[in-house]
Amino acid sequence: MSRFLPLAEAVESAIRDGDTVAMEGFTHLIPFAAGHEVIRQRRRHLTLIRMTPDLIYDQLIGMGCADKLVFSWVGNPGVGSLHRFRDAYEHGWPAPLAIEEHSHAAMANAYEAGAAGLPLAIFRGYLGVDLPKVNPNIKHVTCPFTGERLAAVPAIRPDVAVIHALKADRAGNVLIEGIVGVQKEAVLAARRSVVTVEEIVEDFGSRSANAVILPSWTVGAIACVPGGAHPSYAHGYYKRDNAYYKAWDAIARDRDTFLAWMKANVLEQGPEAFAVHSMRLRAAAE
Amino acid sequence: MSRFLPLAEAVESAIRDGDTVAMEGFTHLIPFAAGHEVIRQRRRHLTLIRMTPDLIYDQLIGMGCADKLVFSWVGNPGVGSLHRFRDAYEHGWPAPLAIEEHSHAAMANAYEAGAAGLPLAIFRGYLGVDLPKVNPNIKHVTCPFTGERLAAVPAIRPDVAVIHALKADRAGNVLIEGIVGVQKEAVLAARRSVVTVEEIVEDFGSRSANAVILPSWTVGAIACVPGGAHPSYAHGYYKRDNAYYKAWDAIARDRDTFLAWMKANVLEQGPEAFAVHSMRLRAAAE
Amino acid sequence: MDYSADEMMTVAAARALRNSDICFVGIGMPSAACNLARLTHAPDITLIYESGTIATKPDVLPLSIGDGELCDTALTTVSVPEMFRYWLQGGRFTIGFLGGAQIDRFANLNTTVVGPYQKPKTRLPGGGGAPEISSACGEIFIIMRQAPRSFVAKLDFVTSFGHGEGGDHRARMGIATKGPTKLITDLAVFEPDPGSKEMTVTAIHPGVTRERIAANTGWPVRYATQVDETPAPTAEELSVLRGLHARTARAHGDAA
Amino acid sequence: MDYSADEMMTVAAARALRNSDICFVGIGMPSAACNLARLTHAPDITLIYESGTIATKPDVLPLSIGDGELCDTALTTVSVPEMFRYWLQGGRFTIGFLGGAQIDRFANLNTTVVGPYQKPKTRLPGGGGAPEISSACGEIFIIMRQAPRSFVAKLDFVTSFGHGEGGDHRARMGIATKGPTKLITDLAVFEPDPGSKEMTVTAIHPGVTRERIAANTGWPVRYATQVDETPAPTAEELSVLRGLHARTARAHGDAA
């Protein structure tokens, strides 16, 4: 059964130093508010899993929360590099960062296998490429019917999944709509979960019979954080803050600029700051 | 690109003697109208695949269309045996019938693997049971990461998938809602497909961003057959005709009664008969 | 208040369910028991059918596992591959509730064939979801009427695995779940002996004798050191169950 | 009408697409080319992004692969595991349209690292969907600006497999798809030689010299026996492309 908690308690209840954490959201619904809370709680030695690390992991890595990153595409989409990631990986600042690199297909299949309770995912992939030479977690299995050799990767089974969703109902069920990415799989694959939502409603009302819903008993802690996906977006609530993504490049290039920005915008702020951003974006859209 | 055709042409264009055919629909949306057309066209030597053969396959088998049945639960749900299936399997009337038997989990995974373009499905199943002793298509693979031994079955890749859906739009996209079963997987796994629909609409209009839709280019022939799932049901159109399912038991018990019923209700009828049934059910519901 | 043996069986089965259970519901008698529990002492129980309907609250019992009623009253409905991958294999069920055609003393079930598989005396429906339900759900409840031809010394075919040959057989098979923990019949309630895992009578329904149980069981029946009498169905349990069956009969056009 | 080399490249890339294509669209220049095709000669082309958005018709170019615009204008949106399993691995794409950081003469791509993998000179974003797009799509189109450091004799890392070492290397790898059939740059259009599969210039953009191509290619460039001049962008192509970029800039708040 899911529990409604303030964000700080939700994160505290689920995430410990040394945990393997998957904060998912494919461009859409990236859980920035929860990520910032992890930074405020100064978690350390995390293994961070995410297909597209995005700004949220650049911030966590730059603040020294992570020992290792598992990913398939690491960048600021349409803008350039994640400078904090590169500084940590290439120069060990503020701490050395280990990486485990996959393709999108491998990670998507590995989340799917994790949700399905399997120990591995098999797929037709990594043909003729170099990644298997540098990632020992890429193996192969042979089909006993056709003899085809397929790629195999371990299922992703994080200690904690963190996602941002659109709505929870009073019973603690969670609704996602739009670009659903791998969020459902991440929560079903994880031992514990933290879900932030735009709003809590009495019930979901009329909806598709096949709506993407995580039932209460599959979810851990739920925190209502309007705007909690900013500068990512929430379908039907507010648009992606592309200007923020572009501005991040300059902020993250320099260590001191980054630290000052994080102090002012994360360490000295709380979840309520996100509502301000999303309201500004909604206003701008009108 | 899908093509709109009259039912007879749709079936003629896709299904040939000796084909492997999957007519799916999990209680909901069973493609009876298309199945009856296959009987009228006197197709022979078909391998019929279906998780729950239901009345539609009892009728096809009793009319001598099938050489083999691949299934995981064969019965008249809540009523009893499928007498035509048993007569064919146990006494070879009207023709001998070979079977390949699986569990639901195996077949659901095999359809999923077929849709995913994989040669096999792996799952945690068949533990301690006898089916692997009598079905040589149940093998095992060992996880290279954990050493766990998992069950493996070949992916289902039928020559033809036949389903009944709710709507098609003018562009030939197909919408399914409610209990979606394995219909989407069956169509994506098959080389060819026949889709009957309750209605053709200009466009689907406002819907869930994640609606279950088969795009036009994944579908073969589409035939508009209102009531085409009767005595199964179509979510939002008409209810399941449970009385028909119960009446079938007596009809199918006796070879002559069965043949007479098929002559009057299938051989001498056309697709338009289904609209009558569904309108009767809709009227009764009001 | 007068009641039938089937009503006693269904009521006893419903009582075994907890309000917090996540239950994979088989069609027929298991479905009746699960919905009786939901309509009496376990209003929040989560009922899931293999058709993909999650947290469904049917007002009438489905004739088939995929009746529209199940979808109309569900929290949401997923595809059948997802049901078997993310939900069943994913280990999200506390209880799997099954019926069967043949059972042995270790609660292995046969719903496949009577007689040899290749040339059966009677061809039964087959396993459906049962083989994987039996290994993936936290524990298994079984509801079956007792009769010599259904409670047999040896199964013609093992469709789903209970306690195998007993003892630690499940563990030796690498199965971590508990397997059958309750077998509810029209005569009694059986539970596995902690050591041997043989299904052992722990409660007898009112008015049922050990002789009658013996006469309807194909193996020498063992009894727990303490055997209780099953409390008779309450008036509420009976009225809710009968109301459910009456609504169901009307909905399925039996009245018509 | 005056135009830039990037505009010529995008227009030439768009022209390579057919109205009947089902295209897996990479972000950036491929996305611009695919949407230009959709807004000009290929109105019915099916564009799919790895975020799960199927048959999307964005009015502005996405900055990221999962912008809301893609979902709002899509026929439907599926999960990312489904996109990679049922749609990409399922073999439903006629074209995969990619960009890259480094390319070699057999159109193998590197978007992973410059320098050694363990201690890179420059760490690039990595493969994303490219490794499996390259093997699963019917054919691959690549759009890249030419420069000596991007068109290299030897890749530091093979992120996605083109024609490997050339000849029948794909077939020997058990890959049935065609691989890179067009490489569109700011200077020319390359296509694989039928035998060696080396990417060979088949068309040169107006005003571009072979010297300039040689100066921007890290291997001795081969030319087809017949080399055409790429028709210059039409007024319509340019106005549609510029309109698309203008709408995109406004939407992304660059104007602001």
Exercise for the section: Ignoring hydrogens and angles, tell me if any N or O in the side chain of C/Asp21 forms a donor-acceptor pair with the backbone of C/Thr94 under 3.5 Å. Expected result: no

Problem - Residue part contacting chain C, namely of B/Phe123, when any heavy atom lies under 4.5 Å - result: both

Exercise for the section: Mark yes or no for whether C/Asn108, through its side chain, and C/Gly164, through its backbone, hold a donor-acceptor pair below 3.5 Å. Expected result: yes

Problem - Top contributor to chain C contacts, counting heavy-atom pairs under 4.5 Å, from B/Glu101, B/Arg240, B/Glu112 - result: B/Glu101

Handout entry: C/Thr111, part contacting chain B, at a heavy-atom distance under 4.5 Å
Key = neither

Handout entry: Test of ring centre spacing under 6.0 Å for B/Tyr238 and B/His277
Key = no

Fill in the blank from the handout: Note: vs chain C, highest number of non-hydrogen pairs under 4.5 angstrom among B/Thr52, B/Val134, B/Leu82, B/Val79 is B/Val134

Problem - B/Asp58 versus B/Trp248, side-chain donor and acceptor atoms under 3.5 Å - result: yes

Exercise for the section: Could you check if a side-chain atom of B/His102 sits within less than 4.5 angstrom of a side-chain atom of B/Ile138, using non-hydrogen atoms only? Expected result: yes

Fill in the blank from the handout: From the list C/Lys119, C/His169, C/Met173, C/Arg85, the residue making the most non-hydrogen contacts under 4.5 Å with chain B is C/Arg85

Problem - Under-4.0 Å salt bridge between C/Lys182 and C/Glu139 - result: no

Practice task
Pick one of side chain, backbone, both or neither for C/Glu132, based on which atoms fall under 4.5 Å of a heavy atom in chain B.
Solution key: side chain

Handout entry: Validation row, ring centre B/Tyr244 to ring centre B/His230 under 6.0 Å
Key = yes

Handout entry: Heavy-atom pair count under 4.5 Å with chain C, highest-scoring of B/Pro77, B/Ala151, B/Ala106
Key = B/Pro77

Handout entry: Option in C/Gly52, C/Ser135, C/Ser51 with maximal non-hydrogen atom pairs under 4.5 Å from chain B
Key = C/Ser51

Exercise for the section: Keeping the roles fixed (side chain from B/His28, backbone from B/Ile179), state whether a donor-acceptor pair exists under 3.5 Å. Expected result: yes

Exercise for the section: Side chain from CB out, backbone as N, CA, C, O: work out which of these in B/Met107 comes under 4.5 Å of a heavy atom of chain C, or both, or neither. Expected result: neither

Problem - Side-chain heavy atoms of B/Lys167 within contact of B/Glu177, under 4.5 Å - result: no

Practice task
Examine distances only and state if a side-chain atom of C/Asp193 and a backbone atom of C/Ser196 form a donor-acceptor pair shorter than 3.5 Å.
Solution key: yes

Handout entry: Interface moiety of C/Ser79 toward chain B, non-hydrogen atoms closer than 4.5 Å
Key = both

Problem - Selection from C/Leu155, C/Leu63, C/Thr77 maximising heavy-atom pairs under 4.5 Å formed with chain B - result: C/Leu63

Handout entry: Atom group of B/Ile99 that falls short of 4.5 Å from chain C, counting heavy atoms
Key = side chain

Problem - Side-chain ion pair, C/Glu69 and C/Arg247, N-O less than 4.0 Å - result: no

Practice task
Identify which part of C/Phe161 has an atom lying under 4.5 Å from any heavy atom of chain B, answering side chain, backbone, both or neither.
Solution key: both

Fill in the blank from the handout: Cut-off 4.5 Å, heavy atoms of chain B, and the answer for C/Leu124 is backbone

Exercise for the section: Please determine, among B/Pro53, B/Gly78, B/Ser103, the option with the most heavy-atom pairs under 4.5 Å with chain C. Expected result: B/Ser103

Exercise for the section: Side chain from CB out, backbone as N, CA, C, O: work out which of these in B/Arg124 comes under 4.5 Å of a heavy atom of chain C, or both, or neither. Expected result: both

Handout entry: Sidechain-backbone polar pair: B/Glu198 side chain, B/Gly227 backbone, donor-acceptor under 3.5 Å
Key = yes

Handout entry: residues 85-94 of chain B: residues contacting chain C (heavy atom under 4.5 Å, by number)
Key = B/Phe85, B/Arg86, B/Tyr89, B/Glu90

Handout entry: Approximate separation, where rounding is to 0.5 Å, of B/Phe32 CZ and B/Ser232 OG
Key = 6.5 Å

Practice task
Determine the interplanar angle of the C/Tyr117 and C/Phe157 rings, folded into 0 to 90°, and report it as parallel if under 30°, tilted if 30 to 60°, perpendicular if over 60°.
Solution key: parallel

Handout entry: Structural part of C/Ile175 lying under 4.5 Å from a heavy atom of chain B
Key = side chain

Practice task
May I ask you to check whether C/Asp67 and B/Tyr233 show a side-chain donor-acceptor distance below 3.5 Å?
Solution key: no

Handout entry: chain C interface, residue from B/Gly181, B/Ala243, B/Gly75 that has the most non-hydrogen pairs under 4.5 Å
Key = B/Gly181

